[in-house]
Amino acid sequence: REDLKGLYSALLVPYNEDGSVNEEGLRKIIRHVIDKMELDGLYVGGSTGENFLLDKETKKQIFDIAKDETGDAVKLIAQVGSPNVYEAIELGQYATELGYDAISAVTPFYYKFSFKEVKQYYKDITDAVDNDLIVYSIPVLTGVEIGLDDFGELFELDRVVGVKFTAADFFLLERLRKKFPEHLIFSGFDEMLLPAVVNKVDGAIGSTYNANGPRSKQIFELAKEGKIEEALEIQNVTNDFISAVLENGLYPTLKYILQQETGSEERFYARKPMAQSTDAQLERAQEIYEKYIK
Ligand code: NGF
């Protein structure tokens, strides 16, 4: 799947105060990512979209809006995973019918599933959905660690074409790349984009690319060309930005910046039980916006 390579927005979703999707705001964010950030694709239904706080119908609504606004302009990957495998299958079929280029599924979490159970989960999804699948591994949030040999077993499943690797384990990343040159590896931590590209990942999916797209693209391209010093300089500035964002609160800060960048009057709310931004956070977000993005 050469066609899936590239830089993806982990799509941020703005909500209304009552928890419903702010459709107009979401469409504006999608336009911003495609037209101004010029990214290669959208990863819809991930952590950054607060997906795991949503009911099934709202997840479908977001898949609908993203496809409708995007058309065929960029690649679309639908994150459909859930410990409720029946829902994952239904969402995978739904997104596939809509025309999504691939699906992705987070490792099942909450219960301490054995690897055998995790593998069966991916087999059940890929048997039932006529689309390629990217495993979403994010141990920092799920607590589920997958080792080199286990990745090998998952990659043997028909239609498992790669992994979204959100971890700081560069030893494992290097081993994965060497052992599975044919599978897609997407890096998940934006602050580690440069070392990930040095390790020859095929692309990256991240929250901050929604706002910091141009620098991220430069890092990606320069590193691929072997211009490491130049790429590092941009990663340094990028990481000043990301440090400030993380210190002030990841989603509140990105929501504020995207509200400004898209010229949306309506505030971009979080979905409960995520807390809403405080005035102090909004003030600091404005400073970060002016310093690094505007
Ligand atoms: O937010 C997290 C949690 N990770 C994202 C990204 O891997 C999540 C990452 O961009 C994602 O792709 C998704 O929405 O599913 C970070 O926000 C960023 O590197 C700042 O730490 O770890």
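Order of appearance sets the numbers: ligands from 1, and atoms from 1 within every ligand.
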Within the 6.0 Å centroid threshold, strictly below: Tyr43 and Tyr136: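 For Tyr43 and Tyr136, the ring centres are under 6.0 Å apart.
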Between Tyr100 and Tyr94, ring centroids under 6.0 Å: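 No - the distance between ring centres of Tyr100 and Tyr94 does not fall below the 6.0 Å cut-off.
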So which heavy atom in the protein is nearest [atom], and how far is it from that ligand atom?
{"atom": "atom 16 (C) of ligand 1", "result": "Ser207 OG, 3.6 Å"}
{"atom": "atom 15 (O) of ligand 1", "result": "Tyr136 OH, 2.7 Å"}
{"atom": "atom 12 (O) of ligand 1", "result": "Lys164 NZ, 2.7 Å"}
{"atom": "atom 1 (O) of ligand 1", "result": "Leu250 CD2, 3.6 Å"}
{"atom": "atom 21 (O) of ligand 1", "result": "Glu191 OE2, 2.7 Å"}

Shortest non-hydrogen contact from Ala275 toward Ala270: O-CB, 3.8 Å
Minimum-distance pair of heavy atoms, taken over all atoms of Ile30 and Ala66: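 The answer is CD1-CA, 3.6 Å.
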Below 4.0 angstrom from a heavy atom of [X], which ligand 1 atoms are there? Numbered from 1 as shown, please.
{"X": "Ile205", "value": "12 (O)"}
{"X": "Thr48", "value": "8 (C), 11 (C), 13 (C), 14 (O)"}
{"X": "Tyr43", "value": "15 (O)"}
{"X": "Ala10", "value": "11 (C), 12 (O), 13 (C), 14 (O)"}
{"X": "Asp190", "value": "9 (C), 10 (O), 18 (C), 19 (O)"}
{"X": "Gly206", "value": "10 (O)"}

Interatomic distance, Glu24 atom CD to Glu266 atom CD [nearest 0.5 angstrom]: 9.0 Å
Gap between atom CD of Gln218 and atom CD of Gln235 - 0.5 Å precision: 11.5 Å
Shortest reach to atom 2 (C) of ligand 1 by a heavy atom, considering only Asn51, Val13, Ile138, Ile242: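 Shortest heavy-atom distance from atom 2 (C) of ligand 1: Ile138.
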Option with minimal heavy-atom separation from atom 22 (O) of ligand 1, where the choices are Phe189, Phe165, Tyr251: Phe189
Distance-only side-chain donor-acceptor flag, Thr96 / Asp130, under 3.5 Å: no
Distance-only donor-acceptor check, side chains Asn84 and Ser82, under 3.5 Å: no
Polar atom proximity, Gly188 to ligand 1 (N or O, under 3.5 Å):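 Yes.
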Parallel, tilted or perpendicular, as decided by the 30° and 60° cut-offs, for the rings of Phe151 and Phe165: tilted
Residue portion contacting ligand 1 (non-hydrogen atoms closer than 4.0 Å) for Thr166: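 Just the side chain.
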Partner residues of Glu90 under the salt bridge (Lys or Arg N to Asp or Glu O under 4.0 Å) criterion, sequence neighbours left out: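 Listed in chain order: Lys56, Lys60.
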